[in-house]
Amino acid sequence: MNKCEKYRQQLLDLAYGEGEETADLRDHIENCVECADYLGELQMVQNRLNEFDPPMDSGYLMVKKVMRHAYESRERKRLILDLSKFVSIMITVFLLYYLLYRWQGFQGLIVVQLIFFILLPLSIIPLTRMQIEKRR
Amino acid sequence: MQEFELVYKAKKGDLKAMEELLDQNYAILKGYLLKITLDRELAADLTQETMLKALKKIKKFKNRSKFSTWLISIGTNLYKDHLRKNHRLIMVEDIDKLQVGILEAKETDLIITELLAELPLDKRLVLVLKHYFGYNYQEIGQMLNCPVGTVKSRMYYCMNFLRKRMTGGEEDE
């Protein structure tokens, strides 16, 4: 890297708010016409680059589209989770029934079923309470 | 609401907070992708892809940088992947194709687009991040995963290239 190149790199850094202006650099610019020209051209390039401003949209529709995808994906995940919960509960119930059948035979199964059907209407009480609490 | 609050809520699964974050950073992301791809359609696709990826990976976002910086990093990686997959090289012959998406642009925009398209991608990324987004050399180095010295020399190359092309001289190799 020659002397001028070093100062030009420094000028570029300064133009973009990096580094510090040194007395050495100032002296060089005052005495080197090419580097003084470089500084002018650098500012010209910056100005031209600033003119480049591609038209933009608000992004409202795209953000909404992405968010719709997010909501759908969350709903899908919830459904999969609910389904897996349901399947695991069903498997457990059938397993319990099978174990009961092995232990007590058909009679045991029928007794448990009867108890279950007698107690079923009682489940209305906690369900109603849950509904009331949800409304609150 | 402050950005870090929105990020915190978004990490907890608050989609409203995530929507606000994306809304606030859309212009930065799209502007960045427009300037590096120089292709309106591709920039729109990549913006959408970037936002979707950010939604999926929000829990991995560490608050060490701004949310927009994180989005820009994702966007850059997606663009590089896109180029790799499509074996698309930005070459001088492709300029007409690249400009198709910026039909409604001003004449100055077209000239700058042409010049930017001539720059190799790794150098163009540095120029866009430095000039249009004001990141410092260190931040750019972290974003692009390269040393500060390389960032500086790429920036110097870009400026020399543009300076010589704009003043009608020949660029250095």
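Naming: A, B, ... by sequence-line order, numbering from 1 per chain.
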Seminar exercise, completed: Those residues of residues 63-74 of chain A that come under 4.5 Å of chain B on a heavy-atom basis, listed by number, are A/Val63, A/Lys64, A/Lys65, A/Val66, A/Met67, A/His69, A/Ala70, A/Tyr71, A/Arg74

For this session: Please answer: with hydrophobic residues joined when any side-chain heavy atoms are less than 4.5 Å apart, are A/Phe116 and A/Leu100 in the same cluster?
Result: no

Seminar exercise, completed: Between B/Arg40 and A/Pro55, the two heavy atoms sitting closest are NH2-O, 2.6 Å

Exercise. What residue in A/Leu12, A/Leu42, A/Leu49, A/Val45 has the most heavy-atom pairs under 4.5 Å with chain B?
Worked result: A/Leu49

Problem set entry | Heavy-atom neighbours of B/Lys11 NZ exceed 12 at 6.0 Å | yes

For this session: Take atom NZ of B/Lys123 as the centre, draw a 6.0 Å sphere, and report whether it contains more than 12 heavy atoms from other residues, nucleotides or ligands.
Result: yes

Exercise. If two hydrophobic side chains count as joined below 4.5 Å and joins carry through other members, does B/Leu119 share a cluster with B/Leu83?
Worked result: yes

For this session: Evaluate whether atom CZ of A/Arg26 has more than 12 neighbouring non-hydrogen atoms of other residues, nucleotides or ligands under 6.0 angstrom away.
Result: yes

For this session: Using the rule that two of Ile, Leu, Val, Met, Phe, Trp, Tyr join whenever any of their side-chain heavy atoms come within less than 4.5 Å, decide whether A/Val93 and A/Phe86 are in one cluster.
Result: no

Exercise. What are the two closest heavy atoms between A/Met62 and B/Gln48, and how far apart are they?
Worked result: SD-N, 3.8 Å

Problem set entry | Joint cluster assignment, B/Tyr8 & B/Phe61, ILVMFWY side-chain distance < 4.5 Å | no

Exercise. In this structure, are over 12 heavy atoms from other groups packed under 6.0 Å from A/Tyr97 atom OH?
Worked result: yes

Exercise. Going by the angle between their ring planes, with limits at 30° and 60°, are A/Phe52 and B/Tyr132 parallel, tilted or perpendicular?
Worked result: perpendicular

Problem set entry | Contacting moiety of B/Leu55, where chain A heavy atoms sit under 4.5 Å | side chain

Exercise. Are A/Tyr101 and A/Val111 joined in one hydrophobic group, where the rule is that I, L, V, M, F, W and Y side chains link up if heavy atoms are under 4.5 Å apart?
Worked result: no

For this session: Mind ranking B/Gly13, B/Gly134, B/Ser153 by heavy-atom pairs under 4.5 Å with chain A and telling me who comes out on top?
Result: B/Gly13

Problem set entry | Min side-chain heavy-atom separation A/Glu18-B/Met155 under 4.5 Å | no

Exercise. How about A/Glu20: does its CD atom have over 12 heavy atoms from other parts shown lying under 6.0 Å from it?
Worked result: no

Exercise. Considering residues, nucleotides and ligands other than A/Asn47, do more than 12 of their heavy atoms fall under 6.0 Å from its CG?
Worked result: yes

For this session: Quick one: pull up CG in A/Asp13 and CG in B/Asn136 and give me the separation to the nearest 0.5 Å.
Result: 11.0 Å

Seminar exercise, completed: Greatest number of non-hydrogen atom pairs under 4.5 angstrom with chain B, of A/Glu41, A/Gln46, A/Arg8, falls to A/Glu41

For this session: Please state whether the side chain, the backbone, both or neither of B/Ala43 comes within less than 4.5 Å of a heavy atom of chain A.
Result: neither

Exercise. For atom CD of B/Gln138, is the number of surrounding heavy atoms from other residues, nucleotides or ligands below 6.0 Å larger than 12?
Worked result: no

Exercise. How long is the span from the CG atom in B/Asn160 to the CD atom in A/Glu5, to the nearest 0.5 Å?
Worked result: 7.5 Å

Exercise. In terms of heavy-atom pairs under 4.5 Å with chain A, which of B/Lys35, B/Lys152, B/Met159, B/His131 leads?
Worked result: B/His131

Exercise. Checking heavy atoms, do the side chain of B/Leu29, its backbone, both or neither come under 4.5 Å from chain A?
Worked result: neither

Problem set entry | Audit row: A/Arg48, B/Leu162, side chain to side chain contact (heavy atoms under 4.5 Å, CB included) steps and yes/no | CA-CA 10 Å; A/Arg48 292 287 297 275; B/Leu162 292 174; over 6 Å; no

Problem set entry | pair B/Thr167-A/Met44: side-chain heavy atoms closer than 4.5 Å | yes

